[in-house]
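Working notes, structure below.
These figures come from a predicted structure and were not determined experimentally.
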Amino acid sequence: MPRTSTIIDNSHLVIDTAMARPDTTTIVERKGLGHPDTLADHLAERLSRAYSHHTVACFGAVLHHNFDKLALLDGASEVRYGAGRMTAPVRVLVNGRAAPVCGGETIPVEEIVEAEVRAFFAERLPEVANHLDIVFNITSNSIPGAVLTDDRVPDRTRWFNPRSVDDLRERRVRLSNDTSLGTGWAPENAFESFVRELANHFSGDSDFTRARAWCGSDVKLMGYWGGDQADVVLCVPQKSRHVTSRAEYVRNAETVLAECHRMANLRLPGAQARFRLNARDVPERDELYLTYTGSSIESGDEGVVGRGNRVNGLITPLRPMNLEGANGKNPVYHVGKLYNIAAQRLAERLHEATNGHAEVHLVSSTTGQRLDQPWRILVRLSAHDAEVDKVQALVAETLGEFPALTDELVSDGIVLS
């Protein structure tokens, strides 16, 4: 594998070309909009955006915060054919940090968070909206390293309690906050795109779900592709108020399976496709994926930021991945968020430029390194004749976009996973 190594603005860039294309064997998973892990991811990101909107409006800057340790703990419910109810609330553990004040002006952190949590569930799972127990575990502690002496106060003690936005070091230069990395690759193959589309079809706002009130959103797909055969295990819940009998549940399940085969014929023409739906069902015992809310968060399941879909919306163990939970992280300097998005964008641009497979890894060595100068940049391309100068130009272009990327994240321009 030919390799080129160079330095770009203090970043060590390695470009590998003529790498082997990914094997046709594919394992891919996607969690739908009502899955507890997806709920946790999307709620954490919503809280970050709401807090950022408030501080930008009041102070002209995004203040220090992170909500990326948020967790949802299951409530309890009773489910009957044609009926159901919540019997215990879903607990929302808002774990993280946020500056509660700037220049002596108080920021209503808990009020912002509570309003967003309730609005989120009213939109995503209306049946849960009035059954929430919100627990605030939000601090404003500085990170380790603030050693007190008699003659000065360490700057970092003011990061979550700034006298003004001038105390924010990122106003002068954007520095990474952690030793971490971002990973991206392109393109998706047809089966990966199919799994994404199928999950969205059953869990999102589609013609199928609008016409079928019984279709719940806690959808999960696990697919295996061997090159000419698709094998998919999927879970699609039904909402008990709209299912009056076991026979009706079974008919609805048959409708889902028929839709899977219809879409497979469209998206994977010529391939054999097998689908297994709600594999734990035992209809004769009335053990079914029948829920009151359409999500297992109502009873018996939990959701945690970072356990769901990656930034590209998929979970792909045979592709390069990392374990960073991007949702809820600060959009100004947190490499666990920014480097994953930038790496994915760069991989897509390199794929378009080379018409081949592209992988990108952006690695930060330490807190305090310039955000736009990663410690290591690894680019891996399947193309044999990639022009190194053009690759370097695309790398430099992407690294120069972090301020604009922050603006997109704050203004809801990017929806993660």
Side-chain angles (χ1 to χ4, degrees), residues 1-22 143-145 156 169-187 306 310-312 316 318-326 329-406 408-409 414:
M1 181 186 299
R3 167 167 289 189
T4 301
S5 181
T6 188
I7 302 296
I8 297 182
D9 291 334
N10 298 318
S11 295
H12 186 185
L13 169 63
V14 172
I15 304 171
D16 290 335
T17 56
M19 66 170 284
R21 288 179 177 268
I143 63 173
R156 70 182 61 201
R169 64 179 185 177
E170 60 268 22
R171 302 279 286 181
R172 299 180 292 276
V173 58
R174 297 195 181 204
L175 304 177
S176 63
N177 76 310
D178 199 1
T179 302
S180 188
L181 75 161
T183 301
W185 55 268
R310 302 296 88 194
V311 164
N312 68 353
T316 50
L318 300 187
R319 301 281 203 170
M321 288 174 48
N322 66 65
L323 299 181
E324 279 287 354
K329 284 179 164 57
N330 190 294
V332 179
Y333 53 75
H334 208 304
V335 291
K337 169 179 278 185
L338 295 165
Y339 277 14
N340 272 295
I341 298 171
Q344 184 60 36
R345 287 188 171 184
L346 179 54
E348 290 167 358
R349 292 170 181 175
L350 290 168
H351 159 62
E352 292 174 0
T354 65
N355 196 32
H357 179 75
E359 295 178 8
V360 175
H361 305 269
L362 305 177
V363 187
S364 170
S365 66
T366 182
T367 300
Q369 176 183 323
R370 279 188 56 140
L371 182 68
D372 60 354
Q373 297 178 1
W375 173 53
R376 291 288 190 273
I377 305 170
L378 173 61
V379 172
R380 307 182 73 204
L381 305 171
S382 65
H384 289 257
D385 55 353
E387 299 181 48
V388 172
D389 58 339
K390 291 186 178 180
V391 172
Q392 292 175 345
L394 287 172
V395 170
E397 176 187 346
T398 302
L399 295 179
E401 293 176 345
F402 284 120
L405 178 54
T406 294
E408 288 185 56
L409 287 164
I414 297 175

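If you check the side chains of Ser5 and His12, you find a donor sitting under 3.5 Å from an acceptor. Neither side chain, Gln369 nor Gln373, offers a donor N or O lying under 3.5 Å from an acceptor on the other. With 3.5 Å as the limit, one finds a donor-acceptor pair spanning the side chains of Thr406 and Arg174. If you check the side chains of Asn330 and Asn177, you find no donor sitting under 3.5 Å from an acceptor. For Arg349 and Thr398, the side-chain atoms include at least one donor-acceptor pair closer than 3.5 Å.
Trp375 places none of its side-chain heavy atoms less than 4.5 Å from the side chain of Thr179. A heavy-atom distance below 4.5 Å is not found between the side chains of Ile15 and Arg3. You'll find the side chain of Val379 stays beyond 4.5 Å of the side chain of Val14, heavy atoms only. In this structure, Ile8 and Gln392 have side chains that are in contact, with non-hydrogen atoms separated by less than 4.5 Å. Side chains of Leu175 and Leu371 form no contact here, defined as non-hydrogen atoms less than 4.5 Å apart. Pro374 places a side-chain heavy atom less than 4.5 Å from the side chain of Leu399.
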Asp385 and Thr354: side-chain contact (heavy atoms from CB on, under 4.5 Å), yes or no, with the steps? CA-CA 8 Å; Asp385 55 353; Thr354 65; over 6 Å; no

Full working for side-chain contact (heavy atoms from CB on, under 4.5 Å) between Ile377 and Val395: CA-CA 9 Å; Ile377 305 170; Val395 170; 3.9 Å; yes

Would Trp185 and Asn312 count as a side-chain contact (heavy atoms from CB on, under 4.5 Å) if you check the C-alpha gap in whole Å, the side-chain angles of each, and the deciding distance to 0.1 Å? CA-CA 9 Å; Trp185 55 268; Asn312 68 353; 3.4 Å; yes

Take Ile7 and Leu13 through the side-chain contact (heavy atoms from CB on, under 4.5 Å) test and state the conclusion after the steps. CA-CA 6 Å; Ile7 302 296; Leu13 169 63; over 6 Å; no

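More than 12 heavy-atom neighbours from other residues, nucleotides or ligands sit within 6.0 angstrom of CG on Leu318.
A salt bridge links Arg345 with Glu408; the closest basic N to acidic carboxylate O contact falls under 4.0 Å. Between Glu324 and Arg310 there is no salt bridge, since no side-chain nitrogen of the basic residue lies less than 4.0 Å from a carboxylate oxygen of the acidic one.
Shortest non-hydrogen contact noted between His357 and Ser382 is N-OG, 2.8 Å. Closest of all the heavy-atom pairs between Ser11 and Asp372 is OG-O, 4.5 Å. The shortest heavy-atom contact between Ala326 and Lys337 is O-CE, 3.1 Å. Between Ser180 and Val335, the closest heavy-atom pair is CB-CG2, 3.5 Å. Of all heavy-atom pairs between Ala358 and Leu350, the closest is CB-CB, 3.8 Å. Considering every non-hydrogen atom in both Met321 and Thr316, the closest pair reads SD-O, 2.9 Å.
No option in Leu378, Leu362, Asn340, Val363 other than Val363 meets the side-chain contact (heavy atoms from CB on, under 4.5 Å) test with Leu181. Partner Val391 forms a side-chain contact (heavy atoms from CB on, under 4.5 Å) with one of Thr4, Leu381, Leu346, Thr17 and no other, that one being Leu381.
Taking CG of Leu409 as the reference point, atom NE2 of His334 lies at 13.0 Å (rounded to 0.5 Å).
In this structure a side-chain-to-backbone donor-acceptor pair under 3.5 Å is missing from Tyr339 to His361. In this structure a side-chain-to-backbone donor-acceptor pair under 3.5 Å is present from Lys329 to Gly325. A donor-acceptor pair under 3.5 Å is absent between the side-chain atoms of Glu170 and the main chain of Tyr333, judged by distance alone.
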